[in-house]
Number of protein chains: 2
Amino acid sequence: MSLYQATASAPVNIACIKYWGKRDTKLILPTNSSLSVTLDQDHLRSTTTSRADPSFSEDKLWLNGKLDEIKPGGRLWTCISEMKRMRKEVEDQKPNEPKLSAMHVHICSHNNFPTAAGLASSASGFAALVSSLAALYKLPASPSTLSLIARQGSGSACRSLFGGFVAWEMGSSPDGSDSLAVEVAPRDHWPEIHALICVVSDDKKGTSSTSGMQRTVETSALLQHRIKHVVPERMRAISAAIKEKNFDAFARITMQDSNQFHAVALDTDPPIFYMNDVSRAIIALVTEYNRVSVEAGGKLKAAYTYDAGPNAVIYTPQENVKEIVDMVVKYFPQAQPFKDPFGLFKGAGVQGGVVEGFNTAVAKQFEVGAVKTLIHTRVGDGPRVLGEEEALLGANGLPKTVA
Amino acid sequence: MSLYQATASAPVNIACIKYWGKRDTKLILPTNSSLSVTLDQDHLRSTTTSRADPSFSEDKLWLNGKLDEIKPGGRLWTCISEMKRMRKEVEDQKPNEPKLSAMHVHICSHNNFPTAAGLASSASGFAALVSSLAALYKLPASPSTLSLIARQGSGSACRSLFGGFVAWEMGSSPDGSDSLAVEVAPRDHWPEIHALICVVSDDKKGTSSTSGMQRTVETSALLQHRIKHVVPERMRAISAAIKEKNFDAFARITMQDSNQFHAVALDTDPPIFYMNDVSRAIIALVTEYNRVSVEAGGKLKAAYTYDAGPNAVIYTPQENVKEIVDMVVKYFPQAQPFKDPFGLFKGAGVQGGVVEGFNTAVAKQFEVGAVKTLIHTRVGDGPRVLGEEEALLGANGLPKTVA
């Protein structure tokens, strides 16, 4: 008797052109296209094992060791149903294939980063779910086709189906069939792009992005202008910057679009704030760091971007990461030593400091803990199908470890 | 021998529809119309004495006891020159009038609120300067005509030439002759409008509004949309709300426009932030306070607004001020007792507390000093010409007291 099981991992992505607003909330069709960088799964990933078995009595899903509910009509249910539908098409074409689409599935998913880190796990999570089911079902589907399904789980999940630099084309069809992810450039095109994630402490529960973005659609007078007149041009310009490996243009557009996303959130009634005083201070540091470079005749060296929370992600060419870690640690003393996955500090620890000519008065020094931790990673590849030894389900079809 | 001297006071104004952006930086012509509430001079005012004397060897101006420079071509110089020009017209028509326009002036100005309070003093200051010179020169000029001159000192100063509710019509003439203040409604039309100013501690030096607004004009993709498509309709709607004494509409537009001003500041490259975590917390409190009222079938009871700094001004009908002071003091404990100019607490001191049904989790309690002080005032009248006993210049033509 065969074991029908597959395991896949999928990466986190962080947008440079932000997704904010749905034109169809059920199908998750956005009001504008967006573009992201896929981060390296060696550091941040969701892993999912899916198994189909005739003995299973219902579809079940465990997330980080905890049984999750699969509500009929809900997002998890929609993704699983869509994958079964595609499997059924394969079975209809190849009558010798086992009838997996008629079996219930057990799905076990795990994120290797804590929820408390404040990193959205829904993107990598739904991408890993779809990827593991695609492997289980041996679907001949392209990443773009799978992205159509991941999108219905969580909009930005569609972008985690590719590595490198990824656009989510908003499309125009009412059925969503052209609202999908495409590769702008693979990781190997520009592997020097690194990312430093500053995990910021927050004592305020933020507005969920799902409810927040719809309030913006309903009440912001500025959002429509952004959608119609700003984003299309930025999508063209940043795609060109990526193709030309023009970090200066990439950085400028990335920072402008982060700020504009938070501007339309603020233009919402009542207003939505995701950045706090720590986020503002990190913006001031990156702005000053870039000013020093530009005034010396150079280019922008770093780009901040903020999603629906106070955490900063700083994109920079690898050569600048050490300077940036030193700068951030000077203003935000760390309780724990910097985990140095690329060996920048050769085990010597971070001293903290700024580049010559830097105006240190642009921010005050914060208390230990204001930035809880720093994660150094880089642009990464797309979903990976993993071997049996990585499976999260045991022989009995239940999660191997209970959290 | 006659003494040619006059003293006037002028009020502070706080905008509901914000001025942000100039189309002509020399003449100070704005990119959009704006609208403000004039605050009561009994609480906050600038007072200015102007004297013309043939013995004076140059124009001199003391601000808060300190001699200020009158740079040729600068803003002070422009206002004084324009007033002399208008005086000259009077003299040309009435040859018996003394030739004050040919004499130098001594001007002494004082604000009754500390600069450290973070309240813009340029609006009341230039309005008092222009008003005292108009009284000295016995000009037959209307407040709107004087507002043309005050505007060239500091844009928002033009709105301090009237009491009550005041519009600054942007105008269209390149020479600025139609960019002036007009009365929307006098103070007596709606005297119940009170204001609570929350003076917020800030450890960050903000971007000056003069340089900040031009950076927004140059770099914000959203500002043009605001100027062309949002502000004109809001000016119409809030003027109607004032005329109808419709506080619900007044409050909604005021809060939306404050947020949109800060949104376009954030959409600037590099971004400009004026609000901090304390400002955000006050927004959360007012939003929750209004929610409780609206969910009980009532209307909005308070409106926050923020200028180019972290201070909140909360507009509310008089009947709600006590509840709002209680709410703010609960979250922002005060080092000094609340100065209670309207006797709301009958000398008993503020207990601090929230209305029934208020979700206290919308903000955390801050340390003493996060809100440094609370100033309770209300809508007020326009500039006042004061008696000789209020003069700031002594018989010798020098300031009476040295700061």
Side-chain angles (χ1 to χ4, degrees), chain A residues 202-207 216 219-231 233-234 252-253 255-281 283-284 286-288 290-291 294 300 304 306 310 359 361-366, chain B residues 202-207 216 219-231 233-234 252-253 255-281 283-284 286-288 290-291 294 300 304 306 310 359 361-366:
Chain A
D202 199 18
D203 50 29
K204 172 180 163 284
K205 173 132 180 57
T207 307
T216 302
T219 65
S220 169
L222 301 179
L223 181 70
Q224 295 306 318
H225 185 76
R226 164 173 169 73
I227 290 167
K228 287 186 199 130
H229 301 292
V230 180
V231 170
E233 171 53 24
R234 282 188 182 162
R252 192 174 305 280
I253 299 166
M255 292 188 282
Q256 286 174 339
D257 208 69
S258 174
N259 291 326
Q260 188 168 92
F261 151 48
H262 292 278
V264 298
L266 176 46
D267 189 50
T268 301
D269 188 19
I272 301 167
F273 295 91
Y274 289 117
M275 296 192 287
N276 62 22
D277 286 354
V278 171
S279 315
R280 290 168 61 199
I283 287 179
V286 172
T287 301
E288 175 63 9
N290 281 328
R291 186 198 63 75
V294 170
L300 299 181
Y304 55 77
Y306 294 79
N359 173 11
V362 298
K364 65 162 191 177
Q365 193 183 51
F366 282 70
Chain B
D202 198 18
D203 50 32
K204 171 179 164 286
K205 171 131 181 58
T207 307
T216 302
T219 65
S220 169
L222 301 180
L223 180 69
Q224 294 306 318
H225 185 76
R226 162 173 170 73
I227 290 167
K228 287 186 200 128
H229 300 292
V230 180
V231 171
E233 171 52 26
R234 282 188 182 163
R252 191 175 306 279
I253 299 165
M255 292 188 282
Q256 286 174 338
D257 208 70
S258 173
N259 291 327
Q260 188 168 90
F261 151 49
H262 292 278
V264 298
L266 176 46
D267 188 49
T268 301
D269 187 19
I272 301 167
F273 296 91
Y274 290 117
M275 295 192 288
N276 62 21
D277 286 354
V278 171
S279 316
R280 290 166 64 198
I283 287 179
V286 172
T287 301
E288 175 64 8
N290 281 328
R291 187 198 61 76
V294 170
L300 299 181
Y304 54 77
Y306 294 79
N359 173 11
V362 297
K364 65 164 190 175
Q365 193 183 51
F366 281 71

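Every chain is numbered from 1 and lettered A, B, ... according to where its sequence line falls, protein lines coming before strand lines.
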From the list L223(B), L222(B), D267(B), side-chain contact (heavy atoms from CB on, under 4.5 Å) with L222(A) holds only for L222(B)
Quick one: pull up NE2 in H262(A) and CZ in F273(B) and give me the separation to the nearest 0.5 Å. 8.5 Å
Let's test your reading of the structure: which of T287(A), V264(A), D269(A) forms the most heavy-atom pairs below 4.5 Å with chain B? D269(A)
Largest heavy-atom contact set with chain B, pairs under 4.5 Å, which of P270(A), P271(A), S220(A): P271(A)
Might you point out which heavy atoms bring A221(B) and Q260(A) nearest each other, and give the distance in Å? CB-NE2, 3.9 Å
Expected output: side-chain D277(B) to main-chain N276(A) donor-acceptor under 3.5 Å: no
Report which part of R252(A) has an atom under 4.5 Å of a heavy atom belonging to chain B: side chain, backbone, both, or neither. side chain
Who wins among R226(B), M275(B), Q224(B), H229(B) for the most heavy-atom pairs under 4.5 Å with chain A? M275(B)
